[in-house]
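One structure is given here, and the rest of the page talks about it.
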Amino acid sequence: MTALGVSLLRGAVTSPFKRAGGPGATLPTGRAVLPAAPAAPAPLAAYRTLCGFTDPETLPLTYPHVLGFPLAMRLMTERSFPLPVLGLVHTWIEITAHRPPRPEDRLELTVYAAELTPHRRGTEVTMVTEARCAGETVWESRSGYLSRHAAAGGTAARSRDTTVRAGLPALAAEAAPPDAPAAGAGLPAVAEWRLPGDLGRRYGAVSGDRNPIHLHPLTARLFGFPRHLAHGMWTVARCLAEAETGAGTGTGTGTRPGTGAGTETGAKDRARIRSVRAEFKAPVLLPATVTYAAAGDAFLLRGGDRVHLTGTVVRER
C-alpha cells in the first residue's frame, strides 16, 4: 500500500473519534518533509500527457502540489490534527512559482498546517506546501480544506447540492458551498471537453491519489455520491494547461467553438503563468462533458449551467 493509501485508511479509522469545532482546537506544529530529489521522469511524463501540459523544460505548475499531497494527508490524518479527514472539503488553492521549477531540480518539499479559522459553515484549515531548491524557495501552494459542522450561534447551513452534503464521508472531496457566487460565469467558451469514465482511475495512477470517490461508481456510492468524481486537481491542471498553450492536447480534449476540431495550434507567445488561484464550486460527476471558458486572466469550468471551478492567473511580465 502506498503512503497515501495508508493515510486514507488511517483517516477513515481516526475520523469518527474527532469532533470538529471543539473549543480550544489547535493545529500541530510539526512539518512533513520530502528529501530533495528530481522528479521521476516516467510519472512526470504520464502526468503531463493526462493533463495536457506540453513544455518539457519546466514542471507543470500543479506538479509539486501532487508530489507533496501524500505529506499533507499524513499530517491531516495524524491523531493530533483537530479535524476529521472524512468529510473534509477542498475549497480553494493558490499556487505561486517564484521561478519555474525544472524537472532536473532537486526539490525538497515541506508541508505544514498554517491556519485554523472559523468559517460560516464550520472550520477551515490552510495547508501549505513549499518547494526549495538549494535552499531557495522556488514554489509554494496554499490550500483551504473545510470541515462542516455546527457553527457558533447556530448550525451549519444545509447544502442544496445533492452530491456534497454536510457530514458526507468524502475524503477531501472538491467542492465549495453551492451557493458561493459563480464569479466569471459569463466568460466566453473556449473549448468543450468530454471526460471519460475512467479519468479518475487514470489520474489516480499518475498522481497516487486513489481516493475511492474517484475510482468507480460503486465505491463512490459507498460515500454518498451517485457516480464517481473527477479529481479537482485534475480540473485545475487541465485548465492551466489550456491557458498556457491553448493546444487542446491531453485527456478531455474535444471541440473548440467555431472550429469543430479536437485540437488547434496554441498561441506560442503566451506569457508563462506565474501563479493561480482556483476555487472549487461543485464536483464533476464522471463521465461528463464540460466547457472551459476564459477571458483575460480569468477562467472557469462549467457543465451546462453548473460552474465547477473558477480561477484567475497571473502571468510573467
Side-chain angles (χ1 to χ4, degrees), residues 3-4 6-34 64-96 109-131 137 139-159 164-180 209 211 213 232-233 236 275-281 283:
L4 186 54
V6 171
S7 294
L8 290 173
L9 180 60
R10 183 169 60 241
V13 172
T14 60
S15 287
F17 301 98
K18 295 183 178 183
R19 180 176 174 268
T26 59
L27 289 172
T29 58
R31 299 186 173 210
V33 178
L34 188 67
H65 179 86
V66 171
L67 298 178
F69 186 63
L71 301 180
M73 284 298 296
R74 190 175 81 195
L75 292 177
M76 290 190 290
T77 57
E78 287 182 349
R79 182 174 298 179
S80 58
F81 192 78
L83 304 178
V85 74
L86 293 183
L88 208 58
V89 179
H90 195 183
T91 54
W92 58 269
I93 185 168
E94 295 176 346
I95 303 175
T96 299
L109 298 177
T110 302
V111 180
Y112 59 94
E115 297 178 86
L116 194 65
T117 56
H119 186 280
R120 65 190 181 88
R121 292 179 178 272
T123 301
E124 185 175 78
V125 63
T126 300
M127 301 296 295
V128 176
T129 303
E130 298 172 342
T137 300
W139 179 102
E140 61 184 306
S141 74
R142 299 174 67 86
S143 285
Y145 296 91
L146 173 64
S147 179
R148 299 188 184 206
H149 59 79
T155 59
R158 184 175 299 276
S159 167
V164 180
R165 299 181 295 272
L168 180 71
L171 303 169
E174 298 87 357
D179 56 356
D209 184 0
N211 184 326
I213 65 174
M233 284 307 300
V236 174
S275 66
V276 62
R277 178 180 171 94
E279 298 190 9
F280 302 104
K281 300 298 183 181

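If you're wondering where the values come from, they're calculated on a predicted model, not measured in any experiment. Hydrogens, waters and symmetry mates play no part in the numbers below; they use all other heavy atoms, side chains included.
Annotation: side-chain contact (heavy atoms from CB on, under 4.5 Å) contacts of Ile95 (sequence neighbours excluded): Leu61, Thr62, Ile93, Trp139, Ser141, Val276. Thr29 is linked by a side-chain contact (heavy atoms from CB on, under 4.5 Å) to nothing, counting only residues two or more places apart in sequence or in another chain. In this structure Glu94 satisfies the salt bridge (Lys or Arg N to Asp or Glu O under 4.0 Å) test together with Arg277, sequence neighbours excluded. Take Pro28 and apply the side-chain contact (heavy atoms from CB on, under 4.5 Å) test, not counting sequence neighbours, and it matches Ser80, Phe81, Pro82. Residues meeting the side chain to side chain donor-acceptor pair (under 3.5 Å) test with Ser143, sequence neighbours left out: His90. Remark: Glu130 pairs with Arg132 by the salt bridge (Lys or Arg N to Asp or Glu O under 4.0 Å) rule, at least two apart or across chains.
Side-chain N or O atoms of Thr91 include one that pairs as donor or acceptor with a backbone N or O of Gly144 at under 3.5 Å. His119 contributes no side-chain N or O that, together with a main-chain N or O of Leu146, makes up a donor-acceptor pair within less than 3.5 Å.
Closest approach of Thr96 and Ser275 over heavy atoms only: OG1-CB, 3.6 Å. Closest heavy-atom contact between Leu27 and Ala114: CD1-C, 4.0 Å. Summarising the geometry of Met76 relative to Val85, their closest heavy-atom pair is O-CB, 4.3 Å, with the distance given to 0.1 Å.
Counting heavy atoms from C-beta outward, Thr117 and Thr126 have side chains that stay 4.5 Å or more apart. The closest side-chain heavy-atom distance from Phe280 to Met233 is below 4.5 Å. Leu83 is listed as a side-chain neighbour of Thr123, based on a closest heavy-atom distance under 4.5 Å. When side chains are defined from C-beta on, Val111 counts as touching Leu75, because their heavy atoms get closer than 4.5 Å.
Remark: Glu140 does not engage Arg142 in a salt bridge, criterion side-chain N to carboxylate O under 4.0 Å.
The distance from atom OH of Tyr145 to atom CD of Glu124, rounded to the nearest 0.5 Å, is 11.0 Å.
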